Amino acid sequence: MANSKYEYVKSFERPDSLLPNTWIVIRLDGRGFHNFSARHNFAKPNDARASSLMNYCAALLLRDLPDVVLAYGVSDEFSFLLPPHTALFERREAKLTSTVVSTFTAYYVHHWHTYFPAEPLREPLPSFDARAVCYPSVRNVRDYFSWRQVDCHINNLYNTVFWALVMKSGLGRTEAENRLKGTLAKEKNEILWRLGVNYNREEERWRKGSVVFRELKKAEVDATPKTTTPTAPADRSTAPAQAPDPVVQEGEADDGEEALPPGKITRKKKTTAKKEQKRLLKAAEVVVKHIDIIQDAFWNEHPYILGEGME
């Protein structure tokens, strides 16, 4: 930038680099999506088209931003995880959040017609806001995603019962709200049962949300470095994963290896393993699955997401 007498205005800009050596979660939320979904005739309590569109946009974002190692989404919300070593945009908060939210929004609008061919976009157009939060440990990261998945279950159970009362029992919305005030999960399940709905048979995507990540094959996982992660609180609602949404295939990586100084045998093994994992991840599929991420199973099967192999 050329020097001028006006350049002093740059001094008003504040540094906004996020804390170093911490995990970064960028969570975006739909702005005014209650009204937006009504204008565009979303199905209640859940719309498969809208869910698939959100998942596809998240998968494309992982393709575009290799530093993002995991995403979790439900309804009009998605959280994106970046590892402690990321130097993307020098960890500047404004750059990170604006890039994630603008990229996601652009894909959402661009691919809308694919998922809603008979429902043209109406103004005001869809938009999202975003925030970034730093977490110092793997335990914090695990608890964050557990929190979001627990919220997914709580909100979906309520919405499922609410709309069952409206559409099956003929209650008005205010009546349905009053009927559900103070009810516990057991009571909500009993209401659904009387209405002929078994909540445990509802689709996994609604009860568990969507997990988006790069998936390595088992042989590739076994060949990569592993780090033990803290044990998560037990959860008794685990169910088997269903077939994933359509995947996004990433491009192939260069197989070339850089030469290392002689005499560095141990270092070479470790460095080679890390480089091999990075190569595999760059070529891996970005997949969308609807599975439990509160218990340890998912993290143990995919240790490269939170393990030292990503460092």
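None of these values were measured; they are calculated from a predicted model.
- Under the 3.5 Å distance criterion, with hydrogens and angles disregarded, a donor-acceptor pair is assigned to the side chains of Arg205 and Ser51.
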Evaluation steps, side-chain contact (heavy atoms from CB on, under 4.5 Å), between Leu82 and Val69: CA-CA 6 Å; Leu82 292 93; Val69 297; over 6 Å; no
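- A distance-only check finds no donor-acceptor pair linking the side chain of Glu93 to the backbone of Leu18 [under 3.5 Å].
- Residues Val288 and Val211 have side chains not in contact (no heavy-atom distance under 4.5 Å, counting atoms from C-beta outward).
- The OG1 atom of Thr183 sits 3.0 Å away from atom NZ of Lys188, with the distance rounded to the nearest 0.5 Å.
- At a threshold of 4.5 Å between non-hydrogen side-chain atoms, the residues Ile24 and Leu81 do not count as touching.
- At most 12 heavy atoms of other shown residues, nucleotides or ligands fall within 6.0 angstrom of atom CZ in Arg173.
- Counting heavy atoms from C-beta on, the side chains of Leu157 and Asn189 come closer than 4.5 Å.
- With Thr86 contributing its side chain and Pro83 its backbone, the two residues share no donor-acceptor pair below 3.5 Å.
- Heavy-atom minimum distance, Lys95 versus Phe89: CB-CB, 3.7 Å.
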Val212 vs Leu70, test: side-chain contact (heavy atoms from CB on, under 4.5 Å). Steps then yes/no. CA-CA 6 Å; Val212 187; Leu70 179 79; over 6 Å; no
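- With hydrogens and angles disregarded, no donor-acceptor distance shorter than 3.5 Å links the side chain of Arg27 to the backbone of Asp129.
- Note that the NZ atom of Lys208 and the SG atom of Cys152 stand 8.5 Å from one another [nearest 0.5 Å].
- Here the straight-line distance linking atom NZ of Lys44 with atom OG1 of Thr160 works out to 12.0 Å at 0.5 Å rounding.
- Ion pairing between a basic and an acidic side chain is recognised when a charged N comes within 4.0 Å of a carboxylate O; Asp29 and Arg131 show such pairing.
- Here ring pair (Phe, Tyr, Trp, His ring centres under 6.0 Å) pairs that include residues 130-169, with residues two or more places apart or in two chains, are Tyr135-Tyr144, Tyr144-Trp147, His153-Tyr199.
- For the residue pair Glu187 and Leu184, the shortest heavy atom distance occurs at OE1-N, 2.7 Å.
- Counting heavy atoms from C-beta on, the side chains of Lys168 and Val197 come closer than 4.5 Å.
- Scanning all heavy atoms of the two residues, the minimum distance from Ser17 to Glu90 falls at OG-O, 3.4 Å.
- Using cut-offs of 30° and 60° for the angle between ring planes, the Phe104 and Phe128 rings count as perpendicular.
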Should Asp296 and Arg142 be marked as a salt bridge (Lys or Arg N to Asp or Glu O under 4.0 Å) after you check the CA-CA gap, both sets of side-chain angles, and the distance that decides it? CA-CA 9 Å; Asp296 293 334; Arg142 288 280 304 271; 2.8 Å; yes
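- Inter-residue side-chain proximity for Val68 and Ile26 is flagged as unmet; no heavy-atom pair is nearer than 4.5 Å.
- Formation of a donor-acceptor pair under 3.5 Å by the Tyr115 side chain with backbone atoms of Tyr56 is not found in this model.
- Rounded to the nearest 0.5 Å, atoms CG (Asp151) and OG (Ser146) are 11.5 Å apart.
- The main-chain N or O of Asn200 is found under 3.5 Å from a side-chain atom of Arg207 such that the two form a donor-acceptor pair.
- Ion pairing between Glu204 and Lys289 fails under the 4.0 Å rule for side-chain N and carboxylate O.
- Salt-bridge check for Glu119 with Arg49: failed, with every basic side-chain N at 4.0 Å or more from each acidic carboxylate O.
- From Tyr107, atom OH reaches atom CG of Leu53 across 13.0 Å, with rounding to the nearest 0.5 Å.
- Annotation: side chain of Ser169 is not in contact with side chain of Glu175 (no heavy-atom distance under 4.5 Å).
- Trp206 is not listed as a side-chain neighbour of Asn159, based on a closest heavy-atom distance of 4.5 Å or more.
- Residues Leu28 and Phe80 have side chains in contact (heavy-atom distance under 4.5 Å, counting atoms from C-beta outward).
- Between the side chains of Thr22 and Arg91, at least one donor N or O lies within less than 3.5 Å of an accepting N or O.
- Between Tyr6 and Tyr8, the ring center distance fails the sub-6.0 Å criterion.
- Interatomic distance, SG of Cys57 versus NE2 of His110, reported as 10.0 Å (0.5 Å rounding).
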Step-by-step side-chain contact (heavy atoms from CB on, under 4.5 Å) determination, Ile293 to Arg148: CA-CA 10 Å; Ile293 56 174; Arg148 300 320 305 140; over 6 Å; no
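- Hydrophobic clustering (side-chain heavy atoms under 4.5 Å, transitive across Ile, Leu, Val, Met, Phe, Trp, Tyr) keeps Leu180 apart from Ile154.
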Please walk me through it: do Glu77 and Met54 pass side-chain contact (heavy atoms from CB on, under 4.5 Å)? CA-CA 8 Å; Glu77 169 192 308; Met54 291 284 291; 6.0 Å; no
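- The backbone N or O of Leu165 lies less than 3.5 Å from no partner atom in the side chain of Arg179, so there is not a single donor-acceptor pair.
- When ring centroids are compared, Phe36 and His40 come within the 6.0 Å threshold.
- Heavy-atom minimum distance, Ala130 versus Val101: CB-CB, 3.9 Å.
- Across all non-hydrogen atoms, the minimal contact from Leu19 to Cys134 is N-SG, 3.9 Å.
- A side-chain N or O of Asn46 and one of Asn156 form a donor-acceptor pair less than 3.5 Å apart.
- In this structure, Thr105 contributes its side chain and Ser102 its backbone to no donor-acceptor pair below 3.5 Å.
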For the pair Ser137 and Asn140, evaluate side chain to side chain donor-acceptor pair (under 3.5 Å) and give the outcome as yes or no after the intermediate values. CA-CA 5 Å; Ser137 70; Asn140 298 145; 2.9 Å; yes
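- Neither side chain, Asn55 nor Ser52, offers a donor N or O lying under 3.5 Å from an acceptor on the other.
- For Phe213 and Phe298, the distance between ring centers is under 6.0 angstrom.
- Shown here for Arg214 and Ala284, the closest heavy-atom pair between the two residues is CB-CB, 4.1 Å.
- In the displayed structure, Arg122 atom CZ is contacted under 6.0 Å by more than 12 heavy atoms of other residues, nucleotides or ligands.
- Between Phe42 and Trp112, the two ring planes are parallel [angle under 30°; tilted spans 30° to 60°].
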